[in-house]
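The structure appears right after this line, and notes come after that.
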Amino acid sequence: GVEVGPQPQGVARADVLDKMRKIVKHGLDFVQLFNEGKEFPPCTIEVFKIMEKVDYPRNKNGEIIAIIHPKLQDQDWQPLKNGDPLFLTLDGEVIPYQGNCTVYPTFINEAAYYEKKQAFVKTEKIKLTAKHLRLSVS
């Protein structure tokens, strides 16, 4: 599957559709070249691996008591470091990120995830290395 975003729920955006078309085309081009016997050299790519889902701060009744901090809003895939603003309570108190490593949040404040108790997803940036690849004909 390919998910390209972020974009508001129920909205069709031309720029996001264009990105989706490009990535699907690249995938199909790869399959065609592979099937034609093209050899691919080893390569390394950075990816984001999901670490955990993070919920909004809640009171003892399970009600949300803070919102995404304005400095975090719309910052998907950007580094979040220890001490950076994370949430803002309705009283104006800043709740900072408290972590021992830099993370890369995504799906920040997505409407579709409120009911799933998810304010955002923490990811870590890692490198994947692919070995040399070529179709082997038997």
Side-chain angles (χ1 to χ4, degrees):
V2 176
E3 182 171 341
V4 181
Q7 67 178 346
Q9 183 177 2
V11 174
R13 289 181 46 157
D15 61 331
V16 175
L17 179 60
D18 184 55
K19 288 177 185 177
M20 185 270 310
R21 284 183 174 144
K22 284 178 182 174
I23 197 160
V24 169
K25 182 183 180 316
H26 285 304
L28 293 173
D29 288 347
F30 169 82
V31 170
Q32 180 177 349
L33 291 170
F34 179 80
N35 287 340
E36 291 172 356
K38 178 164 174 62
E39 188 171 335
F40 295 91
C43 66
T44 300
I45 186 171
E46 285 186 333
V47 298
F48 295 89
K49 180 180 177 185
I50 293 175
M51 297 169 67
E52 67 177 304
K53 296 174 184 176
V54 177
D55 192 8
Y56 293 90
R58 296 179 184 270
N59 64 18
K60 62 182 178 185
N61 297 327
E63 299 163 328
I64 294 174
I65 59 169
I67 58 175
I68 295 293
H69 192 280
K71 290 186 177 179
L72 181 60
Q73 185 64 50
D74 301 321
Q75 297 300 307
D76 295 78
W77 312 112
Q78 299 304 309
L80 180 67
K81 301 177 192 118
N82 188 45
D84 286 348
L86 191 58
F87 295 105
L88 185 63
T89 69
L90 301 179
D91 296 331
E93 178 188 341
V94 174
I95 300 173
Y97 170 62
Q98 296 177 340
N100 55 7
C101 66
T102 298
V103 296
Y104 298 82
T106 189
F107 304 112
I108 300 169
N109 204 24
E110 292 276 343
Y113 297 124
Y114 271 81
E115 67 186 34
K116 297 179 182 189
K117 297 185 175 182
Q118 179 179 314
F120 63 93
V121 173
K122 283 195 315 191
T123 68
E124 63 180 327
K125 191 186 293 190
I126 62 171
K127 289 184 179 184
L128 296 179
T129 300
K131 296 179 180 178
H132 159 265
L133 182 65
R134 189 175 93 188
L135 177 66
S136 69
V137 181
S138 301

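Hydrogens, waters and symmetry mates are skipped; everything else that's a heavy atom, side chains included, is used.
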- [ ] Indicate if Ile50 and Ile108 have the same hydrophobic cluster label, given that clusters are the connected sets of ILVMFWY residues with side-chain heavy-atom separations under 4.5 angstrom.
- [x] no

- [ ] Enter the distance from Asp74:CG to Asn109:CG here, rounded to the nearest 0.5 Å.
- [x] 8.5 Å

Task: Ring centre gap for Tyr113 and Phe120 strictly below 6.0 Å - done: no

Task: Residues in salt bridge (charged side-chain N to carboxylate O under 4.0 Å, His left out) contact with Lys117, at least two apart in sequence or another chain - done: none

- [ ] State the NZ-CD distance between Lys53 and Gln118, to the nearest 0.5 angstrom.
- [x] 5.0 Å

- [ ] Taking salt bridge (charged side-chain N to carboxylate O under 4.0 Å, His left out) as the test, write out the residues that go with Asp18, two or more places apart.
- [x] Lys22

TODO: Output the distance between atom CZ (Arg13) and atom NZ (Lys19), rounded to the nearest 0.5 Å.
DONE: 7.5 Å

- [ ] Please list, chain by chain and in numerical order, all residues satisfying salt bridge (charged side-chain N to carboxylate O under 4.0 Å, His left out) with Lys127, sequence neighbours excluded.
- [x] none

- [ ] Please check if the side chain of Asn61 supplies one atom and the backbone of Glu63 the other of a donor-acceptor pair under 3.5 Å.
- [x] no

- [ ] Would you check if Asp84 and Lys71 make a side-chain contact, meaning some heavy-atom pair closer than 4.5 Å?
- [x] no

Task: Check: Met20 and Leu17 side chains under 4.5 Å, non-hydrogen atoms - done: yes

Compile the donor-acceptor pairs under 3.5 Å between side chains in residues 85-107 and protein atoms, sequence neighbours left out, one pair per line.
unit_1, atom_1, unit_2, atom_2, d
Thr89, OG1, Asp91, N, 3.3
Thr89, OG1, Gly92, N, 3.3
Thr89, OG1, Glu93, N, 2.9
Tyr97, OH, Cys101, O, 3.2

Task: Heavy-atom closest contact (Leu72 atom, Leu80 atom, distance) - done: CD1-CD1, 4.3 Å

Task: From Lys122 atom NZ to Glu52 atom CD, the distance as rounded to the nearest 0.5 Å - done: 4.0 Å

- [ ] Nearest 0.5 Å please: distance from the CG atom of Asp29 over to the CZ atom of Phe34.
- [x] 15.0 Å

Open item on the list: Is it the case that over 12 heavy atoms from other parts of the model lie below 6.0 angstrom from the CD atom of Glu115?
Closed with: no

Task: ILVMFWY clustering at 4.5 Å (side-chain atoms), partners of Leu128 - done: Ile45, Val47, Ile126

Task: Residue pair Tyr56 / Ile65, side-chain heavy-atom distance below 4.5 Å - done: no

Task: Whether over 12 other heavy atoms sit under 6.0 Å from Ile23 CD1 - done: no

Task: Over 12 non-hydrogen atoms of neighbours within 6.0 angstrom of CZ in Arg21 - done: no

Task: Gap separating the NZ atom of Lys38 from the CZ atom of Phe30, nearest 0.5 angstrom - done: 10.5 Å

TODO: Can you sort out the partners of Arg134 under salt bridge (charged side-chain N to carboxylate O under 4.0 Å, His left out), two or more places apart, ordered by chain and number?
DONE: Glu39

Open item on the list: Please find the pair of heavy atoms, one from Ile64 and one from Arg58, that lie closest to each other, and give the distance.
Closed with: CG1-NH1, 3.5 Å

